[in-house]
Amino acid sequence: MKKLTFAYESQSDLRILNTGHGWKVEAPQSGSRLEGGPLGEDIYQLEQFHCHWGETSAEGSEHTVDGRAYAGELHLVHWNTTKYQSFAEAAQHPDGLAVLGVFFDVGNESNDEIEKIVSTLSEIKFKGQFTDIPDVIDPTTFLPSGLGYWTYLGSLTTPPCNECVIWIVYKEPITVTEEQLVQFRCLSACSGEAEEFIVKNYRPPQPLGNRALRECNA
Ligand SMILES: Cc1ccc(O)c(S)c1
Ligand SMILES: [Zn+2]
């Protein structure tokens with residue numbers, strides 16, 4: 001595969017919302033480019049990023065490596081702007097979306113970029129709430145230093161689970177703290193007074209089936 005290349009803009013005042021299934025940062029970036037690697041000749045543009053986590057740090061990732069789960073997984077969601085006119089249209093095609101997956105390992109050092117997200121969560125405790133992230137966010141800072149990855153053709157992990165995703169899962173995790181994950185789990189799935197905490201929002205891995213899994217050791 002050709003080398004995977006990416007270019008993102010740094011943005012402030014990005015909107016973060018509580019979807020009822022977790023937090024999502026809306027980051028449509030017409031100036032962003034993800035290309036090469038398994039993406040053929042097409043260019044993919046960043047649309048949003050979000051995260052999956054578990055009730056404890058023993059689980060939470062949506063991919064496992066030799067059966068090992070990580071404490072969570074960040075997804076940077078892109079769509080194919082070479083072939084399609086909109087995100088919604090792209091999500092109807094096998095090469096429509098490209099999602100970068102980054103595993104979370106728990107460590108003692110707070111992740112400064114994730115902390116920019118955590119610091120807003122008290123403002124979006126309930127489903128449907130949203131706010132702007134005052135800090136400047138550069139999506140590149142969420143990526144690990146080692147850029148080796150696995151890739152395969154798969155699906156969205158939330159219903160309707162369209163088979164429209166070229167998955168690119170980095171081998172090297174980034175580190176977050178248990179406290180940062182605890183803050184994720186304090187989001188409520190309800191819009192009203194009732195508190196139903198989103199303690200986990202990951203889809204358990206599905207069988208690989210006859211999918212070809214490729215790797216790149218960047
Ligand atoms: C478009 C999209 C929405 C939700 C998700 O978890 C993923 S992985 C992708
Ligand atoms: Zn996801």
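Here the structure is a predicted model, which means the values were calculated and not measured. Counting starts at 1 for both ligands and their atoms, following the listed order. By convention here, the first residue in the shown sequence is residue 1.
The pair Glu59-Arg68 fails the salt-bridge criterion, with no side-chain N (NZ, NE, NH1 or NH2) lying under 4.0 Å from an Asp/Glu carboxylate O. Ion pairing of Lys2 with Glu35 is absent here, as no side-chain N (NZ or NE/NH1/NH2) approaches a carboxylate O to less than 4.0 Å.
At most 12 heavy atoms of other shown residues, nucleotides or ligands fall within 6.0 angstrom of atom CG in Asn108. Other residues, nucleotides and ligands contribute over 12 non-hydrogen atoms within 6.0 Å of the CZ atom of Arg185.
Here His50 contributes NE2 and His52 contributes NE2, and at the Zn ion (ligand 2) these two atoms make an angle of 100°, given to 10°.
The ring-ring contact (aromatic ring centres under 6.0 Å, His included) pairs that include a residue from residues 122-149 are Phe49-Phe142, where partners are two or more places apart or lie in different chains.
When atom types are taken as modelled, the side chain of Asn18 and the backbone of Ser188 share a donor-acceptor pair closer than 3.5 angstrom.
Taking the Zn ion (ligand 2) as reference, the nearest N/O/S atom within His75 carries the name ND1.
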Between the protein and ligand 1, are there any N or O atom pairs that come within less than 3.5 Å of each other, and if so, what are their names and distances?
from, atom 1, to, atom 2, distance (Å)
ligand 1, 6 (O), His50, NE2, 3.1
ligand 1, 6 (O), His52, NE2, 3.0
ligand 1, 6 (O), Thr157, OG1, 3.3

Using the ring-ring contact (aromatic ring centres under 6.0 Å, His included) rule, take His78 and Phe87 through it: C-alpha gap first, then chi angles, then the decisive distance, then the call. CA-CA 8 Å; His78 307 69; Phe87 179 88; over 10 Å; no
